[in-house]
Every structure is written in C-alpha cells, then in structure tokens.
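Labels below follow one simple rule: chain letters A, B, ... track the order of the sequence lines, proteins then strands, and each chain is numbered from 1.
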2 protein chains.
Amino acid sequence: MKNSALSVTASRKRILDIFLAADNALAHQDIETKCADQYDRVTIYRTLQTFLERGIIHNIPSTDNMVRYALCNEACITTGHHHDNHVHFRCDQCGKTVCLDDVNIPAVNLPKGYTMKEINMVVNGICKSCK
Amino acid sequence: MKNSALSVTASRKRILDIFLAADNALAHQDIETKCADQYDRVTIYRTLQTFLERGIIHNIPSTDNMVRYALCNEACITTGHHHDNHVHFRCDQCGKTVCLDDVNIPAVNLPKGYTMKEINMVVNGICKSCK
DNA sequence: ATTAAAAATGCAACTTTGTTGCAAAAGTAT
DNA sequence: ATACTTTTGCAACAAAGTTGCATTTTTAAT
C-alpha cells in the first residue's frame, strides 16, 4: 500500500488504518481523538498533508471549517493525480460525509474565458442510514 | 435593504457595504482587514452569522478552511430561504471566488435512500480576468 | 421628544486550530 | 552495522473562533 515512495512509519500505518476502518470522511479532529494519545497533533497534520500530496487521500470542501478527508481510489495513487469525479454527500442528521463513488459529477458549461481544472460537488440532506 | 427585521447598526451597514463593493466572495478575514480598526472581531463574527441566518449572504465551501461569503440575490431574502442554484468559481491564480450567477448547477441522481436538501458546486481553475 | 425595553456591541478571557524550528528518533539503503 | 535521510515530538507561537457580561445603541411606545 505504501509504495508511494515514502517511509513506512507507525503513525502513517495507524492513520491509514483509521481511514480504512472508517465508513465516512474524517476531519483532522476525528483522527486526533482516535490517536492523539499515541501520536502528536503535529504529526497528524503533517501526515494528512503528505497523504494529500501523494494522492492517497482527497479532501472535501465544507462550510463549517472542517475539511474532511477520504481515501482515494486506486487510480489516483497509480497515476499520481486525482480522478475525483464523484459527488460527496453530507447527512444533516448523523453528520457523516461520504463519497458517492457511483455518482459522477455532471458536466457544466462555464462562461467564456473560464478554464476548469477541478470540480467539487457536495450535497446535503438525509442519508440512507438516517431514513 | 435591512428590512429583514433586524436592527440597523453602523457595523452592519458597513459590512453590507463591503459586500456590495466587493466583486468576489469574502472570508471573515477579508472583512476584518477592512474594518477591524472600527469594529470588534467578535462583532464581525456575529454579523456574518446573523446575515447568514437571515439569508442576506450565503457561504461557499472550501478546502482551505476559509469559508467565504457572498450576497444572496433578492429571492433568498424575500422568501427567507436560499435559492442558491449557481456554481461558484475559485481562480487558482488570483485566488478570487465568485458566484457564476448564470451557471446553474445541473441535476444529479442520488442513490436510493438519499434525500437532497442543498447542493453546492465549486469549480477551480483560471478565471477570465487572469487569462 | 423621552423613556423603558430589547438588541447589539466591545472587552476580556479563554479554547481550539494550525504553524515553525530544531533536536532526537526511526526508517532506508548500502 | 553504519551512514544518510526522513519523520517525529516538543516547545513555543500565531491565528481563529467562542462565551459571558457590562455598556451602549436601537427600537418602539408613550
């Protein structure tokens, strides 16, 4: 898994495990509460940053100043850049944010002069577990 | 303008003016640098919160922990809830975030069991002023 | 216009979040 | 096993956001 040319360390393994075990996207804080006793806060910040850069995780925008992170699919890791074309869903009830891997972001036509590089779509509502 | 059943105060007028004068979405910090000498930081926080609740402004999600705010159109204010169906664009060059009022967010089909309440689309790239 | 009630503001103190430099420790490759 | 590189933890900060309360400003009613 960690043949992305970076050292295999205990903290990285642990954080990766946390992501693998999670069924939803995680904020820095979520990870901190799970392992702040074992690893330093700073290490978590740096690890998330590193994972992002290597395309191991991607981040999900939010309006609550809690950027969340989720594992990327294989394509991101092997090609080195993101293929994040899926919609994210945030449940107003349980608060969980998930990747809807099967829902592609539809195309949009930008006005003349605008060039698109990335696109992000986040839907709020009630998830299937909550109703 | 401020017939949304809230007191007309100097700070609110000032902050509203800042939005009216801006050609892009503003983060808390942007507003603070423009008027921190006149009004307290806390007041700015509370004013943005109030404006949000009254539908005077809407917020734009981000991955950089800098939620930005922009004025709503009339419909939001008169009906009391958001009609924010437009795409937001963030320029990687100049860093400005703008509302593309003419670009509607296309429909998406969510998986069974999911109910949509709000939808948000943010596109990154190069804006027309930068190229 | 005055005044009483309600709402908003400023201040202080505090909590949380995020950053940086550097020495120690752990990982990698020979 | 050793030398080199990378990562980690610590400490010290800086920045961002929150809360309670006394004071001031708005509002609405007389």
task = Kindly say whether, by distance alone, the side chain of A:R41 makes a donor-acceptor pair under 3.5 Å with the base of C:dG18?
result = yes

task = Give A:Q49 one of three labels, base, sugar-phosphate or nothing, depending on what nucleic acid heavy atoms sit under 4.0 Å from its own.
result = nothing

Length of the line joining A:I44:CD1 and C:dT16:P, which is rounded to integer Å = 16 Å

ask   = Where each residue is assigned the nucleotide of DNA chain D containing its nearest heavy atom, which of B:A10 and B:H28 is assigned the position nearer the 5′ end?
value = B:H28

inquiry  = Would you say the rings of B:F89 and A:Y114 are close, in the sense that their centroids are separated by under 6.0 Å?
reply    = yes

ask   = Please give, in whole Å, the distance from C:dA8 P to B:K13 NZ?
value = 15 Å

B:T43 side-chain proximity, nearest of C:dA8, D:dT7, C:dG10 = C:dG10

ask   = Between B:N65 and B:T47, who's closer to the 5' end of DNA chain C by nearest nucleotide?
value = B:T47

inquiry  = Heavy atoms only, 4.0 Å cut-off, all strands: where does B:E32 land among base, sugar-phosphate and nothing?
reply    = nothing

ask   = Between B:R90 and B:D64, is there a salt bridge with N-O shorter than 4.0 Å?
value = yes

inquiry  = At less than 4.0 Å, is any side-chain N or O atom of B:T9 found next to OP1 or OP2 of D:dT26? Yes or no.
reply    = no

ask   = Quick check, are the ring centers of A:H58 and A:Y69 under 6.0 angstrom apart?
value = no

ask   = Where each residue is assigned the nucleotide of DNA chain D containing its nearest heavy atom, which of B:M66 and B:V42 is assigned the position nearer the 5′ end?
value = B:M66

Interatomic distance, A:I15 CD1 vs D:dT7 C1' [rounded to whole Å] = 12 Å

ask   = Atom CZ of B:R46 and atom C1' of D:dT18: how far apart are they, to the nearest Å?
value = 9 Å

query = Heavy atoms, side chains only, cut-off 4.5 Å: are B:I15 and B:I31 in contact?
reply = yes

request  = Step by step, work out the side-chain contact (heavy atoms from CB on, under 4.5 Å) result for B:K13 and B:L16.
outcome  = CA-CA 5 Å; B:K13 274 193 281 189; B:L16 192 55; 5.8 Å; no

inquiry  = From the set D:dA16, D:dT8, C:dT9, return the single nucleotide nearest to any side-chain atom of A:S11.
reply    = D:dT8

request  = Let me know the distance between OH of B:Y45 and C1' of C:dT16, rounded to the nearest Å.
outcome  = 11 Å

task = Measure from CZ on B:R14 to C1' on D:dT25 and round the result to the nearest Å.
result = 19 Å

query = Nearest-Å distance, CG (A:D40) to P (C:dC22)?
reply = 18 Å

key: Rounded distance in Å - CD (A:Q38) to C1' (D:dT8)   = 14 Å

